[in-house]
Each structure stands twice: as structure tokens, then as C-alpha cells.
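First comes the structure, then the notes that go with it.
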Amino acid sequence: MRLATHWRRWAAGTAAAVVVLPLGWLWYGSLLPGEYDMAQMGYADWGGGPRGEHAGMTGAHHGTPVAELTADPDRPAEVRETLTVHDDGRRITVNGSTPGPMIRAREGDLVEVTLVNDNLADGTTLHWHGVDVPNAVDGVAGVTQDAVMPGEEHVYRFVAEDVGTYWYHSHQVSHEQVQRGLLGALVVDPAQAAPADVDETFLIHRYTAAGSLNGVEGFTEVDAEPGDEVRLRLVNTENGLATVWLPGATFRVLAVDGTDVNQPGDLTEVAIPLPAGGRVDLGFTVPEDGVRVDFSGGPSLGFAADAPESRARPPDEVVDLLTYGEPEAPPFDIEDPDRRFEYVIDRKPGFLDGRPGLWWTVNGGIFPDVPMYMVSEGDVVVFEVTNNSGDAHPMHLHGHHALVLSRDGEPATGSPWWVDSLEVAVGETYEVAVLADNPGVWMDHCHNLPHAAEGLVAHLMYDGVTSSYAVGGDHGNHPE
Ligand SMILES: [Cu+2]
């Protein structure tokens, strides 16, 4: 009897050890050091124990520091703004409001923005979403700068070469700061082009459960007359897909993620899905009885139209940008890419910095065991992005425009479809091509920002570039 009890205890103890010891090892091995250099991840061979202990984190390779990848420091700015961010306990405002002021530039202008952190205890940054800025001003805490602490300032300078509709937002603790309002629009007008009669920009955002347009829930009347040509710029600053529809109206999708669509055709009774982080510019002529624009989450717009008595449901059909518009030759050779990368998104149980959970994986690894996609300047790079994770992901590559080549093996046949924010639905595979023409270390992450905070982050990094910053550390850099 005694022997049997001992035996049982020994067996139970051994069984527990068999389970617990490897789990403990996985847990221990997942711990991130207090500070780590993102740029070293491409070279690091993580050993056991807290990450980075064995990784030789300090200055192991040579190259141009990220901080030196700037616009011409001697060129005076055409557009100058100061943006002061303030936490009022409920929302984060920019110059006293959220959304913050729109920054409007003309193609070729040098834009200089001074960020002032009034009182954001976590620190903050500004990221220029969709604009191919020099890497030093990409605004990612711990990768391209240190978080700007209360009382500090930081200057961003870039030439507005990319015409179109963009936005700015925090990239420090971004899953909180963006949702609470640290965001605004950035529009770059072409050097020469006649403006539309009505040119309006709306940021779609959920401060609460209800959707809002430029901070206004419900109906917004836009100043317009029948016969006006309208350019309606829409920015989805939420974490999920937004749906937009224009009941009964004829319209065109003029631009996607800032880039004009080639020969866009007329559309009626189709919904427009807008990924998190993404933008569309819609064009229409206001008819006699006006135009109404409806949005998922509740808000709506009226152009010479009254508030709807009851909101229409979105049309079943959606515009498919894979086939919309007319094709055009791409500006670089996509037939024979220099590099092909896989970006496979999935989920698995494990530890993220010591926390157990069901975490996102990239190519099978939980952050930071994810690829550092290494490229050389001038490379044509094809990414195959596959989503096996059971949830949709709006994928956002910094510093580059990506050209969609195919979806689930079906080639793109419409207008060149350039994206920086691409919705990859459950089970989908997209092939996109990128010209590596902007040296630096660039995030390539999910713009459902809580997902990014849960590790759905990888980086594109150029040969010959070294980071100047570290995640964690004295500055508390936490980009997601
Ligand atoms: Cu995601």
C-alpha cells in the first residue's frame, strides 16, 4: 500500500515535470530583454534564456544608422506645422481636437512638423501612414526614433513626393493612442491639377462603439450643390474593415491608398470595403436630388441631401480592385524578382514575452521569432502573404507602395492596384511586388493595432543600414 502510494506520487511528479519543465523552458525563452535592437533581429541567433542575452546586441555590424536617413537638412520647408498632443484623461487631442488638424501640402513641398508632447506619460511619436518618407522620420518608437516624452519635442521633415490622401498617427503604444484620438489627415495635392468643386476629407473612427466621421457621430451635411464635381477622401483609422456605400448614386473610385486608379469606371449599387489604415478617394457629380454616403458603424454624409430617414443596408456586391479600371505597365520588372518572401500568418499556443496565450505567428514563429526580410537597394521583391489564422488582417508595409499581383492565384487585371494597407481575409493569399528604393528598417505589420500588440509584426530591412534605437530601454519604446 505504502509502496503503491509512493509509486503514484513519483509517477505524478514525473508526469508534471515532463509537462512543466519544457513549458518553463518555452516561457523562459520567450522573455524579451529590457531593451533590444530591432535591427539586430536579422542577425541574431537567439540562445536559450531571456532573449538577447546571447544575441550580441551591441554594434555587431556596420552601416548607415537609421537616424542619418533624412531629407536634405539644409532645404527650407514650404509647409510648417506644430502639433501639440495632450491627454485629457478621456481622449488624446492634437492642437486641442481629435482628429487633429489636416496637413495639406503640394507635391514637392518640404513638410516640417514639430511634435510637442504636452503630457502623454507613455511618450509618443508621429507616423506618416502611406507616405514613403525617409526612414529617420517614419515615427516608429524603438525602430526609427525614441518616444517623445512629456515636455519634449521632435521634428519630422520629408518631401511630399507622394500625391494623394494619407494620415498621421502615433506609433508609440499605438493600439491605445490611435484609438483614443492621436490621428489626423495628410493630403498632398498634385503640382498641377484643377481642384474639384468640392474636396472633402473624412476620417472614419470609433472613439466609442459608434462610428464617427471627423469625430461626429450620425449625419453630417456637406456644403455642396447639384452639379458639383466632388472628390471625397475617406481614411479608415479604425482597427477593422469599414464599409462605405452610396445608395442609388453613380460614382467612381478615383484613388486607393493615395494612388490614382487608371481609368476608373462608373459604379452603382456596390459597396466599398476599406481596410484599417486604408484610404479611398471617391468621385461623383452631385445630382438634383443629392448624394448620400453611408458607413458601417452608423455615420453618414449628405451632399445636397437630407439626413436619411432610415439607413439603407449596404449592397451585397462589393467593388473588386483586382479587376477595376484599366491595366498599365508596371514601373519595374515584376517577371523576374530579385527576392521572393513568404509571409504566412497563423496562430498557435505559446508564450509572448512570458505571457501564455494563443498568439499570431509569422512563418510559424511567435514574435520576435519572425522573419527579418533582408533586401538590397534596387531589389524587386515579391511577397506572398497567406492568412491561415482564422481572422482577417489589414497588412501595412511602411515606407513603400506595394503593387498587388494576384489574389488566390488569380492575376490582377484591372488598374495597377497600389496599396500600403491590404485586407487579407481568412484563407486568402496575395502576391504583392515592392521596389526596394527607400533604405531603412521598415515595419510590415497588421494595422488591426491590438493584433500588432499581440505580435503580428515583422520588418523589412536593407543591407548596410543599422538601427540607432532600441525597443524597451530607458525611453520605454513600445511601437505597438
Ligand atoms: Cu491582424
Side-chain angles (χ1 to χ4, degrees), residues 38 127 129-130 140-143 167 169-180 183 204-206 211 235-243 256-257 273-279 296-297 318 321 341-353 355-373 383-400 402 404 407-408 419-432 434 442-460 471 478-480:
M38 225 46 246
H127 167 63
H129 189 115
V140 181
V143 180
W167 62 299
H169 63 78
S170 167
H171 229 301
Q172 161 76 347
V173 197
S174 60
H175 71 286
E176 286 179 22
Q177 294 191 358
V178 176
Q179 194 280 322
R180 293 184 57 210
L183 52 98
I204 307 165
H205 195 70
R206 288 180 199 241
V235 184
N236 183 4
T237 69
E238 297 177 356
N239 285 316
L241 195 73
T243 303
V256 175
D257 283 2
L274 186 52
R279 289 86 60 213
S296 52
V318 296
L321 298 171
F341 291 129
E342 285 196 331
Y343 195 128
V344 181
I345 305 163
D346 208 330
R347 282 191 111 157
K348 72 176 183 188
F351 294 96
L352 175 65
D353 194 13
R355 287 173 292 157
L358 186 62
W359 301 110
W360 309 113
T361 58
V362 180
N363 294 358
I366 295 171
F367 186 88
D369 281 332
V370 295
M372 175 63 81
Y373 297 106
F383 281 94
E384 190 180 85
V385 186
T386 300
N387 180 3
N388 297 329
S389 72
D391 201 350
H393 301 291
M395 299 307 294
H396 174 53
L397 171 63
H398 289 209
H400 301 76
V404 175
R407 180 182 58 219
D408 299 335
V419 293
D420 54 69
S421 306
L422 177 66
E423 182 82 359
V424 185
V426 174
E428 281 184 338
T429 296
Y430 275 93
E431 261 187 323
V432 300
V434 173
W442 301 100
M443 256 201 193
D444 187 356
H445 68 103
C446 179
H447 221 278
N448 186 335
L449 295 172
H451 289 183
E454 292 161 7
L456 192 28
V457 174
H459 291 79
L460 176 71
V471 176
H478 293 289
E480 293 87 22

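We count ligands from 1, going down the list as the structure has it; atoms in each ligand are counted the same way. Each residue takes its place number in the sequence, starting with 1.
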Show me the side-chain donor-acceptor pairs of residues 343-351 shorter than 3.5 Å, one per line, residues at least two apart or across chains.
residue : atom : partner : partner atom : Å
Tyr343  : OH   : Asp444  : O            : 2.8
Arg347  : NH2  : Leu358  : O            : 3.4
Lys348  : NZ   : Gly364  : O            : 2.8

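Between Met443 and His171, some side-chain heavy-atom pair lies under the 4.5 Å cut-off. Looking at heavy atoms from C-beta onward, His400 lies in side-chain contact with Trp442 at the 4.5 angstrom threshold.
Listed by chain and number, the residues in a side-chain hydrogen bond (donor to acceptor under 3.5 Å, both in side chains) with Thr361 amount to none (sequence neighbours excluded). Judged as a side-chain hydrogen bond (donor to acceptor under 3.5 Å, both in side chains), and not counting sequence neighbours, Glu176 has no contacts.
Inside a sphere of radius 2.8 Å centred on the Cu ion (ligand 1), the protein N/O/S atoms present are His393 ND1, Cys446 SG, His451 ND1.
Donor-acceptor pairing under 3.5 Å is lacking for the side chains of His459 and His445.
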